[in-house]
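Each remark here refers to the structure printed beneath this line.
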Number of protein chains: 2
Amino acid sequence: MKWREVDRQQCSVARALSVVGDRWTMLVVREAFLGTRRFEDFLEHVGASRNIVADRLRKLVDADVLARRPYQDAPPRYEYKLTAKGRELYPVLASLLAWGDRWMWEDENDRPLHLVHDRCGQRMSPQLACPCCGEAIDPREVTAVGERAS
Amino acid sequence: MKWREVDRQQCSVARALSVVGDRWTMLVVREAFLGTRRFEDFLEHVGASRNIVADRLRKLVDADVLARRPYQDAPPRYEYKLTAKGRELYPVLASLLAWGDRWMWEDENDRPLHLVHDRCGQRMSPQLACPCCGEAIDPREVTAVGERAS
DNA sequence: GGGGTTGGTTTCGAAACGAAACCTACTCGG
DNA sequence: CCGAGTAGGTTTCGTTTCGAAACCAACCCC
C-alpha cells in the first residue's frame, strides 16, 4: 500500500493521518494555533522550504482544516485561518506537545513554551478524561471494541 | 531545513514529530497498542511494505518507544512491546482516533472501532482536561507562554 | 533434503523532498 | 517613469525516501 492510499484503511487513525500525517503538516497546524496567518510567516516558523509549505497549505485548505481568504485586493494577498475542523485538532497538538515536553528535553528548563489554563491560572500539561464520568483515562481501563475483520 | 533536522527546533511538538512524525510510524504505534507484537503481524496490519515496517520498528526501538526482545532462541524470534515512553503516546493516538471518528466518515456507523471506558461502561471519545482543576479544556482558555525568540 | 515459517536485507525504478531561481502583481520613493 | 521592495507563490533539478519484489538466513518438521 502506498501512503497516498492510507485513507482507504477502515481506521480513523489512518484516515486522520491521511490529512495531518505528512511531514511538516502538523507544524503548519501548530503555527495556525499560535496565530500565524500569512504565507511568509508560516514559511519562517515552520522551517520547511517554500514549495513544501505552499503544498501543505494547499492540502490543508483542500481538507477544510484551513480556510484561505484575501485580506486585501491590490495587490492580492491571502491569509490562512483554522476552520472548526482545524480547531478540533487541538487535542492532537496538545498531546504531542505534552509528550515532547516529557521526553524530548535533557533539561526541562530549556522548554520554550508552556500552556497556562486561564480558568485556574496553572501551568498545565493536558490529560485525557472520559467525557461521561470525568475521570482521567488510564489506557488499561479502555477496551477497543470491534477492532478489525481479520 | 531538512526533515531529519526537525528535532533541532526548540519546540516540543517538532521534537515529538521527529520520533513519531514519519509516514506509517503512528500506525505502527497503533498496532502496538492493539496488542501486536510480531514483525509479520505489524507488516500485515500497518499496510506499509516490508522494508518500511522494518525501518520504522528499528527507529522506534532506537527512540525507546518500543523494546525488542527475543521470545525464543532457536530459531531466533523477536517481539516488540511498548515501553513506558511508548505507552505515554496514548493521548496522541486517542486524539487522532477521536478526530478521525468525527471528520473522516461519511456514515459514522461504518466506523470499525470504538473505545469503551471500563470504569463507566460507556462508549467514549476522549477529551482533554486540565489536570489541576479537572475542567474540560477549551483552546480559547489556554495561553501559550514564552513561545519563541523571534 | 525439501518445504515451511519468521524476520529480516537488497535492489532498483518511482515519488517526494529541498534549495535556489524565477514569476506576478502590486507599492513606494525619487 | 524607473528601479527597488514586498507578498505569495511556481518551476527546476539534483538528492532522498518510498515501495514492490526478490533474496537471504536460521531454524523447524516430515
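Note that these values count all heavy atoms, side chains included, but never hydrogens, waters or copies made by symmetry. Within every chain, numbering begins at 1; the chains are lettered A, B, ... in the order of the sequence lines, protein sequences first and strands thereafter.
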inquiry  = Rounded to whole Å, how long is the line connecting atom CZ of B:Arg56 with atom C1' of C:dG8?
reply    = 16 Å
query = OP1, OP2 of D:dG9 versus side-chain N and O of A:Arg68: anything below 4.0 Å?
reply = yes
Protein-nucleotide distance (A:Trp24, atom CH2; D:dT17, atom P), rounded to Å = 13 Å
inquiry  = In this structure, how many angstroms lie between the C1' atom of C:dG7 and the CZ atom of B:Arg37, rounded?
reply    = 17 Å
inquiry  = Nearest to the B:Arg38 side chain among C:dT27, C:dA15, C:dG7, which nucleotide is it?
reply    = C:dG7
remark   = To the nearest 0.5 Å, atom CG of A:Leu89 lies from atom CZ of A:Arg30 at 14.5 Å
query = Does C:dG8 have OP1 or OP2 sitting under 4.0 Å from an N or O in the side chain of B:Tyr80?
reply = yes
message = So for atom CZ, which belongs to A:Arg38, do other residues, nucleotides or ligands contribute more than 12 heavy atoms lying within a distance under 6.0 Å?
response = no
Nucleotide nearest B:Ile52 when distance is taken to its side chain, options C:dG8, D:dG19, C:dA16 = D:dG19
request  = Counting heavy atoms from C-beta on, name the nucleotide in D:dT17, D:dG19, C:dG18 closest to the side chain of A:Trp3.
outcome  = D:dG19
ask   = Would one find a side-chain N or O of A:Arg23 under 4.0 angstrom from OP1 or OP2 of D:dC18?
value = yes
task = Would you please confirm or rule out a distance under 4.0 Å between OP1 or OP2 of C:dT9 and any side-chain N or O of B:Arg58?
result = yes
inquiry  = At less than 4.0 Å, is any side-chain N or O atom of A:Arg77 found next to OP1 or OP2 of D:dG9? Yes or no.
reply    = no
ask   = Rounded to whole angstroms, how far apart are CD on B:Glu79 and P on C:dG7?
value = 10 Å
remark   = Whole-Å distance, A:Arg4 CZ to D:dG19 P, equals 9 Å
ask   = What's the closest nucleotide to the A:Lys2 side chain, out of C:dG7, D:dG9, D:dA20?
value = D:dA20
message = If I take atom OH from residue B:Tyr80 and atom CZ from residue B:Arg58, how far apart are they, to the nearest 0.5 angstrom?
response = 8.5 Å
remark   = B:Asp55 CG to D:dT17 C1', in whole Å, measures 10 Å
remark   = DNA chain D nearest-nucleotide lookup for A:Pro75 and A:Phe39: closer to the 5′ end is A:Pro75
message = Checking side-chain polar atoms at under 3.5 Å, does A:Trp24 have a donor or acceptor matched by the opposite partner on A:Asp55?
response = no
inquiry  = Please report the distance, rounded to the nearest Å, between CG in B:Leu43 and C1' in D:dA21.
reply    = 13 Å
task = Mind checking B:Tyr71 for me? I need base, sugar-phosphate or nothing, with any heavy atom below 4.0 Å counting as a touch.
result = sugar-phosphate
ask   = Can you find a side-chain donor-acceptor pair between A:Ser12 and B:Asp101 that sits under 3.5 Å?
value = yes
inquiry  = I need the A:Leu115 CG to A:Gln122 CD distance, nearest 0.5 Å.
reply    = 13.5 Å
Out of C:dG7, D:dT10, C:dT10, whichever nucleotide has its closest atom nearest the side chain of B:Asn51 = C:dT10
request  = Just call it for A:Arg50: base, sugar-phosphate, or nothing, with non-hydrogen atoms closer than 4.0 Å on any strand.
outcome  = base
message = Between C1' on D:dT15 and CD on B:Glu5, what's the gap in Å once rounded to a whole number?
response = 14 Å
ask   = A:Pro76 or A:Ser49: which one's nearest nucleotide on DNA chain C is closer to the 5' end?
value = A:Ser49
